[in-house]
Structure formats: C-alpha cells, structure tokens
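First the structure, in the form of structure tokens, and then the observations on it.
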Amino acid sequence: MTISDDDARRAAWRMAARIGFYALTCLIAVFFALPLLWLVTAPFDASPTYAVDVPEATLDNFAEINANPYAWGSMFNSIVLSIGTALFVVVGAALAAYALSRVRMPGRDALLYVLLLLSSVVTGTAAMVPLFLLVSEIGDSVHPALGIDSSFAVMLVMAGGLLPAGIFMLKDFVDTVPRSYEESARVFGASPLRILKDIVAPLIAPGLATIAVWTVVNVWGNFLVPFILLRDPGKQPAAVLMRTLYTESGQPNLALLSTFSLLYSLPVIAMYLYVSRKYGFRFHGGIKS
Amino acid sequence: MAGISARKLDKVYPGGVHAVDRLDLDIDDGEFFALLGPSGCGKTTLLRTIAGLEQATGGSVLIGGRDVTNVTPARRDVAMVFQDYALFPHMTVIDNISYPLRIKRQARVARHARATEIGVQLGLADLMDRRPAALSGGQQQRVALARAVACHPSLFLFDEPLSNLDARLRLEARTFLKRLQRELGVTTVFVTHDQAEALALADRIAVMEAGRIRQLGTPREVFGRPANTFVANFIGSTPMNLLDGVVRGSTVDVAGGSLPVPAGAEGLVTDGEKVIVGVRPEYVRLSRSGEGLAGEVSILEHLGTTTLVTVDCGDELVGATVPEEDEPEPGAAVRLAPVPGRLLLYRAEDGELIGA
C-alpha cells in the first residue's frame, strides 16, 4: 500500500510541476505577444493609446495612410531596395563562397573572419560619416547615379555590409556539395561558371534562399543608411517614412504609426511564409545521391 | 577511338607525396585496361591525370597520338565515371544522361532523344523521369555509364566502377560492363583494388605499387607468372605460397624438404643462393604418399567447391586447394607436390622472378 501511496504522490508532484511549467511559458508568451496584439488592434482604433483595447473596428486610419502622398511610394521603395540588395548579396555571395570553398589559398579562413568582423563596422553607426562623405564624393566626381539620393548607392552600401556574413553562411552550403559532381561536369566540358549555375546553385538553393530572406529582412528594417543617403522623400523607404508620422507637437501619432507598422510588416510575413513553404529553411541542403 | 601513352609521367602533390613516379605506359586502341593496386598506390591519381583533373608535374600524356598534357579535361574527349557516380541529385535521369549534350549546346529535343535511346539500351527505359535518390545502386551505376556513353568519347575512364555495389550485384554489373565495352569498342581504363575484378574484366592489367607499375600483362600472365613477390602476393583470391628456400644443385631446399629447380630457372641460380619459392594453392597437388613436401594437415577452409588445406611442413605453412570430395582429415600426414611448370622461383634479395 505504501508503495502505491508513494507512486500517487510522485504523480501528483509531476502533474503540479508540469502545470507550473506551462503557466510560466504562457506568461512569457503573453509578455512577447502583447505588443504584437497591440499592433493588430491599434490600427482599427480611432484614438489608440499604449494599452491593448478592443478596437471600434474603424478603417479611418487606413484611409488617412492611403491619403499620405508618400506612404505607398515608400513601401514600393522598400521593396525595390530590399530586392535589389538581395540580388547583389545572393549573386556576390554565391560567386565568392564557391571560389572560397574550392580554391585552396593560404589564410582563407583568416580572411573570412576578418571580413565578418569588419562588416559589422561598415554599415554600423560608426562608419556613417565616412560612408556619407565617400558616397557624396563618388556622386560628385564619378556619376550622380552613384552619389547621394541614389537608391543604387544605398543598395551597394547595404550589400557591402551584408556580404561577408552572407559569404560565410553560404560557404558552409557549398562545402557540402561533393567535388565529384563538379569534376564530372568539368570532364564533360563545363566551365566553372556553368558548373556554378547548373550544379552548385540548384544544390545550395536553400542556402541562397536563406541569405536572400535574411538580406531582405535586414534591408527592410534598416533606417540609418537610407535616412542618411537619401534626401528626396520620394525615394525614401518605409522605415524612413515612419519618422514623419508624428503630430505637430512632436508626439507620435499612434493611430497612423500603428496602421503603417501593420502594413509595413505584412510583406515580410508574406515572404517568410512563401519561402518557408518552398525551401523549409533547411541549413543542410539535403544532398543525397 | 584512341590509344593512350604515358611518357615518364610524374605527379607530385604539393604535400610532397609522389603519387605517380616517372611512369611509362601504352594502352592500345579499344583495349579494356585495368589499373590495379592497393590503396595509395597512385592508380586513381594516374587515372585523374589521364582525365586532366590532375596536372602532371613531369612527363607527358598522349591520347590518340595527341599530346594532351596541358589540355583541359573538356578538350581531351574523355568521359569519366566516378566511384560515387556523381549523378546530379537535382536532375532527373534523362537530364543527367543528356547533360554532356547540353554542354555541347545540343537542342533539348535532340539530346533527350539521344538520352532515351541510350537509356533504353542500358535498361533504364522506365526510370527516365526519376531522380537519382529514387534509384538503387545498380541503377545509379547504369545511369552514370549511360551519361558517359552519351558524350560519345574516344576514351572511358572508370574510377572503381563496381566498388559501391553489393557483392551479388557486382558480378552482374561486371558482366554488363564487359559486354558494354565489347559492343562500343571504346578504349577503357578502369581503376580497381579488387584483383578478381581486374582479372575478370581486363584485356591487360597494370599492377601498381608506390606510383610505379610492378607488372603489366594479360590476366593470365599476371595470375600465372607474377613478375615479383609483390604481384604474387596481391593477385589471387587465396594467397600464394611464398616459401624461403636455398638452392642445392638442381633442387631447392624448402619447408623441410626439397623440390626440383624449375626448368626456366636452370642455369640462372647458383648453388647456395637464397630464393623464394612461389606456388599457388590451386597448383599444389595433395596426396597421401609419394613425391613432394611432407607435412601434417592443420586447418581446412571451405571455399565452396574446393577446400583450402593448410599443411604444416617443417616450420612453414603451405596452402593447397583440393576438390571437396578429396578433403583430408585434420592431422593427417600428407605429401604436397606442385603441378609441373607452376613452380616459380624469386630472388630473395629483391623479390624479382628468376624463372618458372
């Protein structure tokens, strides 16, 4: 009898511990979910506060955003900037990672680590003044299309900052592609670029998708670089436009801010869902022969 | 169609490993040629140097009389099948087979027609739309062969083509490979570490050790008259008996008894010279009485239709294979006599063949 008593007590304890654990995780989940919940409710509120409220379900805020002359344009600019930068990063990282993975050279790993270290400085706040001077100088002396107020220059600066980490991530993917695939294609007469396009790129597609998404997310949320390098409000991305959604007294206009934030986050969520379904964000390419 | 010649071919890896050592080799047009040796003997490096995947550090390679030493793999007109087959996992069988034609800029319809034709020849007709991962090992191997055939090369290079297959499938694939080579008549070089595979497939075999060729000959020559003790040891599924002996006039003292010096070695050995006597277990006759080395049966190993008998002769162990019905009892006193003409005499100091 004592044994079954003991068993019962132990089972009860286990149950209590489990309930406690779930209660704690729920609390943590609520802590992180509340701001998101606010983001979903506030846009439909006529006069939102910082509290989560049951909204009146008005679409007036959306109408007001729609009336803002720069709102949709800025969203479009964000898309152009992110996709453009992602193209630079994916193509550049694929070429560099393939070369770094296949060509044996002294100090290869050291080079990668130094690049990675420097990249966190290049687009960081500390480098903004020299970058601004560099870009305006290039614009003055080479071509205005590369200078201040050029989306192309913004893409190049952001791609420069993201490339080292992208190369670093992608090199791991390329390393998993067996050399015999390439040697086989080489004997058939394929050039290195052809091998990269026909054999390596399809096999590292999950890796390419990963760094493309990672680049888009990074560029989408970047405020400082476009804020400093783009003067014309017609060229500024959504992250920069958000700065203008304040009342005359300098208070954040919560109604417009939350509404625009909601619209601003939708493309990223949509992209995530699409890519996740297509590639599943595997970190190892599932290469099995 | 082309023969291959290697002239003083040398390959030293950056780490200092001398994989191919001033090697001379001639492979005839249409020949099925095996490079055989233990791992690390340089056979794969030699094959890759012929393919152009490795750059020779000395000497030259000629394919069909053309010096290709500094020519890229693409311009050598060769096709290679890798040990892991190197099928592209993201392409279907038909795309895999037609990939060489795609590089040669053939139109999609034409190259798919050609790939289908070859696929049918090689028994892949029902598998054309599958991915390599959905194929068995034997099917993958045939796809790899089909892809090599598709580029219509003047030379096939196979790197351990059968080693990824299980034992039973390997025998089937061996027959298939030999028939395919006969039908196509394309010069083929293949690398293997399996002596049985080399003996079964090749017209001629080069046995390699440490970057050099130790013997070059037909399977019959390499099996029956190994040029040195290395080859003697390496070839044959049951190891050859290699026994230390001393020449005494026209006989050799060996394993507590004596055997006559083989006719081919007469006059080439001096009295008192140390030699190694070699004879394959398959060429040793076992009898209850009569001529030969006296000994006692110690171990019996069943090999199917035959039995390998290990006999204690003096302080040496001598192997002999006997038909299953003639199996002696363990502990029985027996006599061992080599089949006339099958006894080989090697110099003790360098292991080279004196005569048979």
Side-chain angles (χ1 to χ4, degrees), chain A residues 90 94 97-109 170 172-210 212 275 277-289, chain B residues 13-15 44 47-48 50-54 71-91 95-106 111 131-135 137 139-141 143-144 147-153 155-160 164:
Chain A
V90 167
Y98 180 50
L100 282 170
S101 171
R102 292 307 189 232
V103 181
R104 220 183 292 189
M105 59 178 195
R108 178 179 65 181
D109 292 339
L170 209 56
D172 271 357
F173 282 92
V174 182
D175 285 345
T176 63
V177 178
R179 263 164 198 270
S180 62
Y181 293 178
E182 284 156 61
E183 286 176 343
S184 173
R186 241 178 89 199
V187 175
F188 295 137
S191 64
L193 218 58
R194 187 80 202 250
I195 295 171
L196 178 62
K197 181 175 128 312
D198 287 350
I199 317 282
V200 179
L203 292 178
I204 61 169
L208 296 174
T210 305
V275 177
R277 222 170 82 189
K278 192 152 182 205
Y279 296 101
F281 282 108
R282 288 165 302 173
F283 257 90
H284 285 287
I287 296 149
K288 192 168 167 282
S289 60
Chain B
Y13 281 107
T44 299
L47 190 80
R48 291 171 58 89
I50 295 171
L53 292 170
E54 303 286 349
V71 171
T72 58
R75 296 180 184 282
R76 292 189 185 204
D77 196 20
V78 301
M80 189 158 169
V81 173
F82 290 79
Q83 187 172 1
D84 62 357
Y85 312 135
L87 299 177
F88 309 131
H90 58 291
M91 294 184 192
D95 286 337
N96 260 294
I97 296 175
S98 58
Y99 187 71
L101 305 175
R102 187 169 142 199
I103 291 175
K104 289 179 183 148
R105 297 179 188 285
Q106 279 201 16
R111 62 176 197 251
R131 295 272 167 104
L135 301 178
Q139 290 166 340
Q140 288 185 10
Q141 193 227 21
V143 175
R147 189 171 61 175
V149 173
C151 51
H152 221 283
L155 187 61
F156 282 132
L157 303 171
F158 298 156
D159 187 6
E160 305 258 2
N164 274 10

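Chain letters run A, B, ... following the sequence lines, proteins first, then strands; residues in each count from 1.
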What's the spacing between Phe88(B) CZ and Glu182(A) CD if we round to 0.5 Å? 9.5 Å
Could you work out, with salt bridge (charged side-chain N to carboxylate O under 4.0 Å, His left out) as the rule, every residue matching Asp198(A), not counting sequence neighbours? Arg194(A), Arg102(B)
Looking only at heavy atoms, what is the nearest atom pair of [X] and [Y], with distance?
X	Y	result
Asp84(B)	Ser180(A)	OD2-OG, 2.7 Å
Val187(A)	Ala79(B)	CG1-CA, 4.2 Å
Pro89(B)	Leu203(A)	CG-CD2, 3.4 Å
Gly52(B)	Arg186(A)	O-NH2, 3.7 Å

Ser184(A) side chain to Arg147(B) side chain, donor-acceptor N/O pair below 3.5 angstrom: yes
Do [X] and [Y] have side-chain heavy atoms sitting under 4.5 Å apart?
X	Y	value
Met91(B)	Ile199(A)	yes
Met80(B)	Glu183(A)	no
Tyr181(A)	Leu87(B)	no

Answer yes or no: are there more than 12 heavy-atom neighbours, outside Arg108(A) itself, under 6.0 Å from its atom CZ? yes
